[in-house]
Protein chains: 2
Amino acid sequence: MESDNYSLGARVFHTIRENILSGKYETDEELKEKTIGEELGVSRTPVREALRQLELEGLVTIIPNKGAYVVGISQKDIRDIYEIRSRLEGLCARWAASYITKDELDELDENIYLSDFHAAKGNAEQVVELDNRFHEILYNASHSRELKHVLLDFHHYVQRVRKITLADTQRALRSNEEHRQITEALRQHNEELAERLANEHMMNTIQNMDSYGWDNLFQERK
Amino acid sequence: MESDNYSLGARVFHTIRENILSGKYETDEELKEKTIGEELGVSRTPVREALRQLELEGLVTIIPNKGAYVVGISQKDIRDIYEIRSRLEGLCARWAASYITKDELDELDENIYLSDFHAAKGNAEQVVELDNRFHEILYNASHSRELKHVLLDFHHYVQRVRKITLADTQRALRSNEEHRQITEALRQHNEELAERLANEHMMNTIQNMDSYGWDNLFQERK
DNA sequence: ACATGCATAATTGTATACAATTATACCGTG
DNA sequence: CACGGTATAATTGTATACAATTATGCATGT
């Protein structure tokens with residue numbers, strides 16, 4: 001999804017974020033600048049910058065002169081995010097319906113085709129990557145910097161949950177089917193339909209998580 | 001809205017953000033760590049941290065080894081944000097309709113009452129503050145950390161535009177009337193109505209900006 | 001045994017020093 | 001005069017040093 005040609009500071013940021021979202025750093029764990037710096041082989045400076053950024057993202061809480069603590073992501077947080085996303089992905093699809101190009105539609109088609117293949121094979125990693133890309137194309141097609149920004153944030157935020165739900169072949173294939181319908185609505189430039197389908201796509205994911213069982217989604221964490 | 005008991009670093013962050021949003025730093029202007037540090041009487045370290053945070057907020061772009069540049073906020077950005085907010089404020093009101101308490105409803109009533117007073121007097125500053133507080137109560141009443149987080153971000157983002165639109169007495173009074181209707185829906189725990197009214201409240205703001213004339217909203221910037 | 005207070009250690013906050021990279025200005029050459 | 005190259009300066013990136021604050025542990029007294 002994104003290149004590795006990052007500066008050191010940016011890499012530190014991504015590493016810590018990944019460690020929080022993957023559950024490597026536990027909820028309420030204190031993140032000490034010195035310790036993390038030693039782990040990653042850098043000084044405190046880039047670690048501090050990363051922690052300050054992560055606070056803005058809501059992943060850590062910083063108590064001045066005390067420390068940085070991992071903010072837990074509750075089941076309700078995840079639900080809320082998907083409900084927020086349902087509204088915004090809907091708006092995104094609506095806008096994309098106006099602007100989307102033939103090239104983008106072609107890539108969406110290919111994306112779904114490939115995802116079906118990998119889902120059938122059980123290649124969860126690739127399915128997640130293709131899902132990332134599918135939504136990213138829509139974000140770009142919305143032609144809205146602000147909407148893309150906020151949606152990308154949330155998308156990253158729930159990456160861990162998506163890795164689990166999309167590992168289920170049945171859900172992955174159904175998700176692809178929903179992607180196909182959205183793509184079709186976009187091709188027809190049908191704003192109303194595109195919005196409704198993208199909206200439902202997210203709500204279906206919540207339903208899926210409900211039936212999957214939230215305990216299973218969180219078992220690795222604790 | 002928030003206390004001033006901040007650490008130095010946090011204050012630097014807020015100052016720079018304010019300078020960007022108020023237009024003191026022009027679009028595409030290069031923000032040099034040394035210069036800003038001297039302006040604010042601090043070293044480069046807290047400035048760097050602030051700039052990295054502002055990049056995450058989308059207010060500056062950082063080109064590695066080159067510099068930090070102010071990202072311009074276009075008219076379309078503002079429109080998009082209000083449309084995004086219309087969806088999310090609607091969702092927020094819907095959730096708040098379930099959770100809102102009598103105390104919060106009382107504060108909303110008082111808030112509107114005071115705002116009417118200040119609007120009539122032409123105290124734009126107070127009207128903006130009360131508007132901030134009105135929406136903040138709703139964000140809290142939604143009982144959703146994630147929704148509150150993203151809405152607060154956007155709310156700050158458009159602070160400058162709000163200062164202008166709410167300086168118009170007619171618009172301020174109409175805004176208060178809309179607040180009153182939303183509050184009434186909340187009091188009745190009418191989710192559907194609350195969502196629709198909050199949604200329309202934002203869309204009306206867009207309409208108002210349209211009739212106000214975008215050029216006037218941006219005249220100070222350029 | 002437990003609470004209290006003080007000394008010490010650990011940690012964060014800020015400033016500064018140094019390294020790496022990029023911009024600038026000057027000079028020579030065609 | 002235009003162009004290019006090189007030395008110099010300016011700026012960012014990272015590490016370290018020092019100050020301020022907070023945590024820890026031990027001794028003391030009750």
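Computed from a predicted structure; not experimentally measured. Numbers restart at 1 for each chain; the letters A, B, ... are given by sequence-line order, proteins then strands.
For an aromatic pair to be called close, the ring centres must be under 6.0 Å apart, and A/His201 with A/His135 satisfies this.
Place B/Ile63 and A/Asn65 on DNA chain D by their nearest nucleotides, and B/Ile63 ends up nearer the 5' end. Nearer to the 5' terminus of DNA chain D, by closest-nucleotide assignment, is the contact made by B/Glu33 (compared with the other of B/Thr45 and B/Glu33).
Scored by the ring pair (Phe, Tyr, Trp, His ring centres under 6.0 Å) test, B/Phe134 finds B/His179 as partners (sequence neighbours excluded).
Here the shortest heavy-atom pairing between A/Val60 and A/Ile20 reads CG1-CD1, 3.6 Å.
With a cutoff of under 4.0 Å to any heavy atom of chain A, the contacted region of DNA chain C is bounded 5' to 3' by C/dT11 to C/dT14.
As judged by a 4.0 angstrom heavy-atom cut-off over every strand, A/Leu31 is placed among residues touching the sugar-phosphate backbone only.
Put simply, the side chain of A/Glu83 reaches to within 4.5 Å of the side chain of B/Trp95, judged on heavy atoms.
Here A/Glu136 pairs with A/Arg133 in a salt bridge; the nearest charged N to carboxylate O distance falls below 4.0 Å.
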